[in-house]
Amino acid sequence: MILKNIEMRLNNNTVFDCSLIDVSKIQSKSGNITVLENGKDLPFHVKRIYYLYDIPSGENRGGHAHYELEQYIFAASGSFNVVLYDGVNRKNIFLNRPNLGLHIVPGLWRELVDFSSGSICMVLASHKYDENDYLRDFNQFLALKK
Ligand code: TYD
């Protein structure tokens, strides 16, 4: 019965519902500025920002899915790969520009891998932190996506 309730909360999104969003940059000879504004540049309202940094060589992050959270992820510095999985399709997205980000919809397994030395992964999120929104068991994820 509990499983049934959880099942109803995990949506049927696929990796093809995620998209790269190329944000413009304001260039000058002294450098670039990129602006992200709620209601203008992103498909959701940002409620939280966090970033990953000082990631040791060879370490991976992520390894979970979200029930409701949407995210916009980009490399503020350096590069990394985002691996998305919807239970059927796998997609690998390389991020290496501060003005090119990946919009990740809820209901997908994600792993962040291959961080370059000194890279910074910025994440803009649609919700405040809530551990109940995480699905961290891969086998449970596969079962719920069927
Ligand atoms: P987690 O989201 O599992 O990291 P990642 O997906 O990048 O590998 O979070 C790692 C730890 O940080 C975990 O104990 C939860 C905590 N955390 C917060 O307290 N608040 C937050 O906003 C985030 C993203 C994580």
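We count ligands from 1, going down the list as the structure has it; atoms in each ligand are counted the same way.
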Looking only at non-hydrogen atoms, which of Y51, Y129, Y134 approaches atom 16 (C) of ligand 1 most closely?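 Minimum heavy-atom distance to atom 16 (C) of ligand 1 goes to Y129.
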Heavy atoms only: which of E111, R61, H66, E59 lies closest to atom 5 (P) of ligand 1?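 It is R61 whose heavy atom sits nearest to atom 5 (P) of ligand 1.
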Go through the steps for H64 and Y134 under the test ring pair (Phe, Tyr, Trp, His ring centres under 6.0 Å), then give the verdict. CA-CA 7 Å; H64 60 255; Y134 281 76; 4.7 Å; yes
For the residue pair N13 and N11, confirm or rule out a side-chain donor-acceptor distance under 3.5 Å.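 The criterion, which ignores hydrogens and geometry beyond distance, is satisfied for N11 and N13.
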Sub-4.0 Å heavy-atom contact, K128 with ligand 1: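 Outside the 4.0 Å threshold, so no.
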Among the heavy atoms of E131, does any lie under 4.0 Å from an atom of ligand 1?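 No, that is not the case, since the closest heavy atom of the residue is not under 4.0 Å from the ligand.
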Evaluate side chain to side chain contact (heavy atoms under 4.5 Å, CB included) for S77 paired with S119, printing each intermediate quantity in order. CA-CA 5 Å; S77 184; S119 59; 5.7 Å; no
Give the atoms of ligand 1, by number and element, whose distance to some non-hydrogen atom of Y50 is under 4.0 Å.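 Checking each atom against Y50, I get 24 (C).
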Could you list which atoms of ligand 1 come closer than 4.0 Å to a heavy atom of H64?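 So the atoms of ligand 1 that pass are 2 (O), 6 (O).
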What protein heavy atom sits nearest atom 3 (O) of ligand 1, and how far off is it?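 Looking only at protein heavy atoms, the one closest to atom 3 (O) of ligand 1 is R136 NH1, 2.9 Å.
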Starting from atom 22 (O) of ligand 1, what is the nearest protein heavy atom, named by residue and atom, and what distance separates them?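 For this ligand atom, the closest protein heavy atom is R48 NH1, 2.5 Å.
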Using heavy atoms and a threshold below 4.0 Å, how should the contact between L52 and ligand 1 be classified: side chain, backbone, both, or neither?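 The answer is the side chain.
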Verify the contact flag for atom 14 (O) of ligand 1, where contact means a protein heavy atom under 4.0 Å away.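 Within 4.0 Å: no protein heavy atom nearby.
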If you scan the protein for heavy atoms around atom 11 (C) of ligand 1, do you find one that is closer than 4.0 Å?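 There is no protein heavy atom less than 4.0 Å from atom 11 (C) of ligand 1.
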I'd like to know if the side chain of N99 and the backbone of V23 have a donor-acceptor N/O pair within less than 3.5 Å.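 Side chain of N99 to backbone of V23, a donor-acceptor pair under 3.5 Å: yes, one is there.
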Does R110 use its side chain to pair, donor to acceptor, with the backbone of G62 at less than 3.5 Å?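 A pair under 3.5 Å: no.
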Using the ring of each side chain (for Trp, its six-membered ring), is W109 parallel, tilted or perpendicular to F138, with breaks at 30° and 60°?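 Perpendicular, since the angle between the ring planes exceeds 60°.
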What residue among Y51, Y50, F115 forms side-chain contact (heavy atoms from CB on, under 4.5 Å) with C121?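 Single side-chain contact (heavy atoms from CB on, under 4.5 Å) partner of C121 among Y51, Y50, F115: F115.
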Output, in order, the C-alpha distance, side-chain angles, deciding distance and verdict of salt bridge (Lys or Arg N to Asp or Glu O under 4.0 Å) for K91 and D86. CA-CA 9 Å; K91 204 169 170 184; D86 59 23; over 6 Å; no
